[in-house]
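Heads up: the structure comes next, in structure tokens.
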Amino acid sequence: MAAALSKNSCLGYYFLLLCLIGFISHPAKAAVKKYLFDIQVKNVSRLCHAKPIVTVNGRFPGPTVYVREGDRVQVNVTNHAKYNMSIHWHGLKQFRNGWADGPAYITQCPIKTGHSYTYDFNVTGQRGTLWWHAHIFWLRATVYGAIVIMPKPGTPFPFPQPHREETIILGEWWNSDVEEIEKQGSKLGLPPNASDAHTINGKPGPLFPCSEKHTFAMEVEQGKTYLLRIINAALNDELFFAIAGHNMTVVEVDAVYTKHFTTQAVLIAPGQTTNVLVQATQSPNRYFMAARPFMDAPLTVDNKTATAILQYKGITNTVIPILPKLPAPNDTAFALSYNAKLRSLNSPQFPANVPLKVDRHLFYTIGLGINPCPSCLNGTRLTASLNNITFVMPQIGLLQAHYFNTKGVFRLDFPDNPPSPFNYTGVPLTANLGTTLGTRLSKIVYNSTVQLVLQDTNLLTVESHPFHLHGYNFFVVGTGIGNFDPKKDPAKFNLVDPPERNTVGVPTGGWTAIRFKADNPGVWFMHCHLELHTSWGLKTAFVVENGVGPDQSILPPPKDLPPC
């Protein structure tokens with residue numbers, strides 16, 4: 001059960017040392033950080049299976065992008081793979097600069113084989129852990145990596161300074177070609193096969209066959225404190241994460257500082273990030289870190305446990321690690337309790353500027369559905385919708401169509417409410433499950449404040465859905481089980497220190513209310529971050545209008561924007 005200690009541990013240590021030096025240095029001008037991303041195919045072996053996978057620079061997971069708040073970042077992406085490619089910088093706000101956001105056919109056409117595109121953006125007013133990933137097809141199964149944004153020089157963390165930090169990226173692994181699996185599912189009109197394993201930093205851990213050498217390990221010293229930057233890069237699974245014998249102190253979610261709280265396990269949905277402090281104060285030993293899905297709906301998932309090792313210095317690799325006790329896979333009570341503890345720091349330096357007055361009220365129902373498909377296995381296709389609209393992807397980028405006023409690409413008539421109210425979370429509804437197809441967007445006035453209630457429904461089945469909004473953070477002002485009550489529930493909203501996020505889980509058979517100020521003009525994608533549901537059409541986009549003058553308007557497109 002030997003495992004090689006992470007080479008990145010040293011890199012993380014030296015980067016942290018540089019940052020500590022920065023804390024006592026004079027403020028410097030914003031730097032330009034340049035990265036080269038070569039999209040290339042590499043043969044990788046996991047679970048006794050070898051297969052070619054799409055990677056960045058031949059690495060799986062891909063390289064970490066290290067920047068500092070205020071930096072300008074330029075990432076030149078050259079595509080050597082057979083698939084079209086685009087990269088999304090998940091959680092970066094891209095102010096007025098949707099051209100660098102990355103979702104294919106939303107803010108750009110993809111980078112074709114043999115071509116390049118430079119994502120050029122500023123990191124403004126953000127610090128913490130985010131991540132990047134492919135945003136086309138299901139390629140983010142292997143094309144992903146971390147973004148670490150250090151605070152400005154002279155600005156310490158609002159929590160005890162860690163001795164060292166480590167990035168923990170949770171993912172999924174398929175033994176077969178992921179794109180072929182997805183295509184087969186689409187052809188049949190059914191969900192594709194679940195993954196064969198979960199991974200921690202690309203490795204499933206020794207509970208899987210042929211995986212003893214495919215195990216991530218980090219070494220710790222007795223009495224020291226460590227910062228873990230946890231990212232859920234899985235395609236379709238919310239995950240519990242825990243470390244045997246060690247509590248974790250949550251200090252940040254989605255690159256926003258939180259009030260600190262201690263927990264035995266973390267719940268993290270696809271797209272989300274969580275920073276925790278871990279104190280190495282237990283008896284020196286080897287302890288498993290473990291990740292396993294949370295699923296409290298009657299659906300099949302890959303329920304296998306990925307493991308990595310936290311190893312105290314001086315302990316030999318022959319010692320068998322201790323397993324943590326993870327919450328049960330369907331532990332709804334833990335999930336609700338954990339999320340209720342998340343609150344913004346809301347300090348003078350890091351305030352929670354929650355919109356108190358709402359200009360636009362939106363209510364979106366989340367539903368699964370069934371549409372006719374003569375060529376599919378049962379003559380039907382499973383689908384998904386918001387307000388009963390299944391989103392149809394365009395053939396050119398929506399941002400280009402909006403910027404150049406190209407007609408016929410999309411409509412601006414996405415409804416603010418579902419077509420007809422019903423008992424959203426009552427008994428399962430199995431009749432009249434057809435949806436309307438269309439590329440329909442919602443127009444938002446610049447600088448207006450928006451409240452969006454996302455309501456799960458029992459169309460086919462209830463299920464938890466993590467929703468991600470591009471171009472913005474939002475405040476999660478309320479959540480509940482059952483149907484949202486517009487008369488009673490707003491009185492319970494937290495308008496003081498709600499968590500500020502870019503991705504939020506809508507609970508199974510429940511609702512979540514978010515608020516944001518529409519101060520970033522452009523076309524911004526909003527979608528379920530379960531890749532299966534996104535591919536089924538559980539997505540839409542907001543067209544945020546320009547304000548007054550150039551500083552409140554979309555920037556011109558870059559010259560190397562990929563052609564359609």
Side-chain angles (χ1 to χ4, degrees), residues 1-13 40-64 141-146 164-178 194-221 226 228-235 237 239 241-246 278 280 284-293 302-324 326:
M1 201 168 285
L5 289 171
S6 165
K7 292 178 182 176
N8 285 333
S9 296
C10 296
L11 292 174
Y13 177 77
Q40 53 191 240
V41 173
K42 182 182 180 183
N43 281 318
V44 171
S45 176
R46 297 286 188 274
L47 275 64
C48 316
H49 291 262
K51 69 170 185 176
I53 64 170
V54 182
T55 70
V56 169
N57 299 347
R59 295 169 61 180
F60 170 60
T64 297
T142 56
V143 180
Y144 61 82
R164 205 182 77 224
E165 63 178 59
E166 191 68 73
T167 300
I168 303 290
I169 310 183
L170 312 176
E172 288 182 87
W173 173 265
W174 279 261
N175 287 331
S176 301
D177 186 310
V178 180
S195 55
D196 295 292
H198 292 97
T199 58
I200 299 177
N201 289 349
K203 300 173 181 180
L207 302 187
F208 289 88
C210 305
S211 297
E212 191 170 323
K213 66 179 181 179
H214 297 304
T215 301
F216 172 78
M218 65 175 285
E219 186 178 78
V220 297
E221 294 181 45
Y226 296 83
L228 301 187
R229 300 177 179 271
I230 308 168
I231 299 164
N232 187 350
L235 266 68
D237 292 334
L239 295 167
F241 175 84
I243 307 172
H246 295 73
V278 177
N285 209 326
R286 299 175 89 214
Y287 297 88
F288 269 133
M289 300 182 272
R292 186 179 65 196
D302 168 14
N303 62 2
K304 301 180 209 64
T305 303
T307 53
I309 297 171
L310 185 138
Q311 181 167 334
Y312 279 69
K313 190 173 182 178
I315 300 298
T316 64
N317 289 352
T318 56
V319 176
I320 297 174
I322 301 164
L323 267 170
L326 288 159

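This chain uses plain numbering: 1 for the first residue, then up along the sequence.
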Among all residues two or more places apart in sequence or in another chain, which pass the side-chain hydrogen bond (donor to acceptor under 3.5 Å, both in side chains) test with Arg292? none
[X] and [Y]: which non-hydrogen atoms are nearest, and at how many Å?
X: Ala290; Y: Pro324; value: CB-CG, 3.6 Å
X: Ala233; Y: Ile169; value: CB-CG2, 3.8 Å
X: Phe60; Y: Gly202; value: CE2-O, 3.5 Å
X: Ile315; Y: Arg286; value: CG2-CG, 3.6 Å
X: Pro63; Y: Val56; value: CD-CG1, 3.7 Å
X: Gly171; Y: Tyr144; value: CA-OH, 4.1 Å

Does one side chain, of Asn317 or Gln311, offer a donor that lies under 3.5 Å from an acceptor on the other? yes
Taking the side chain as everything from C-beta on, heavy atoms only, tell me whether [X] gets closer than 4.5 Å to [Y].
X: Leu170; Y: Ile231; result: no
X: Ile53; Y: Val41; result: no
X: Phe288; Y: Ile309; result: yes
X: Val220; Y: Tyr226; result: yes
X: Lys203; Y: Lys213; result: no
X: His198; Y: Leu239; result: yes
X: Val54; Y: Lys42; result: no
X: Phe216; Y: Pro204; result: no

Quick one, Thr55 with Val143, criterion side-chain contact (heavy atoms from CB on, under 4.5 Å). Give me CA distance, side-chain angles, the key distance, then yes/no. CA-CA 5 Å; Thr55 70; Val143 180; 5.9 Å; no
Can you tell whether the side chains of Arg229 and Glu166 come within less than 4.0 Å, N to carboxylate O? no
Does [X] use its side chain to pair, donor to acceptor, with the backbone of [Y] at less than 3.5 Å?
X: Asn201; Y: Thr167; value: yes
X: Glu219; Y: Lys313; value: no
X: Ser211; Y: Leu207; value: no
X: Asn232; Y: Asp237; value: yes
X: His214; Y: Thr199; value: no

Residues two or more places apart in sequence or in another chain: which of them pass ring pair (Phe, Tyr, Trp, His ring centres under 6.0 Å) with Phe208? none
Taking only residues two or more places apart in sequence, or in another chain, which ones meet His246 in a ring pair (Phe, Tyr, Trp, His ring centres under 6.0 Å)? Tyr287, Tyr312
Thr307 OG1 to Ile243 CD1 distance, which is reported to the nearest 0.5 Å: 13.0 Å
side-chain contact (heavy atoms from CB on, under 4.5 Å) filter on Asn175, not counting sequence neighbours, yields Leu47, His49, Trp173, Asp196
Non-neighbouring partners of Ala141 that pass side-chain contact (heavy atoms from CB on, under 4.5 Å), sequence neighbours left out: Trp174, Val178, Leu235
Between Ile200 and Ile168, is a side-chain contact (heavy atoms from CB on, under 4.5 Å) present by the stated rule, with each step listed? CA-CA 6 Å; Ile200 299 177; Ile168 303 290; 3.8 Å; yes
Please report the C-alpha distance between Met289 and Met218 in whole Å, then the side-chain angles of each, then the deciding distance to 0.1 Å, and finally whether the side-chain contact (heavy atoms from CB on, under 4.5 Å) criterion is met. CA-CA 10 Å; Met289 300 182 272; Met218 65 175 285; 4.0 Å; yes
Residue list, salt bridge (Lys or Arg N to Asp or Glu O under 4.0 Å) with Arg46, at least two apart or on another chain: none
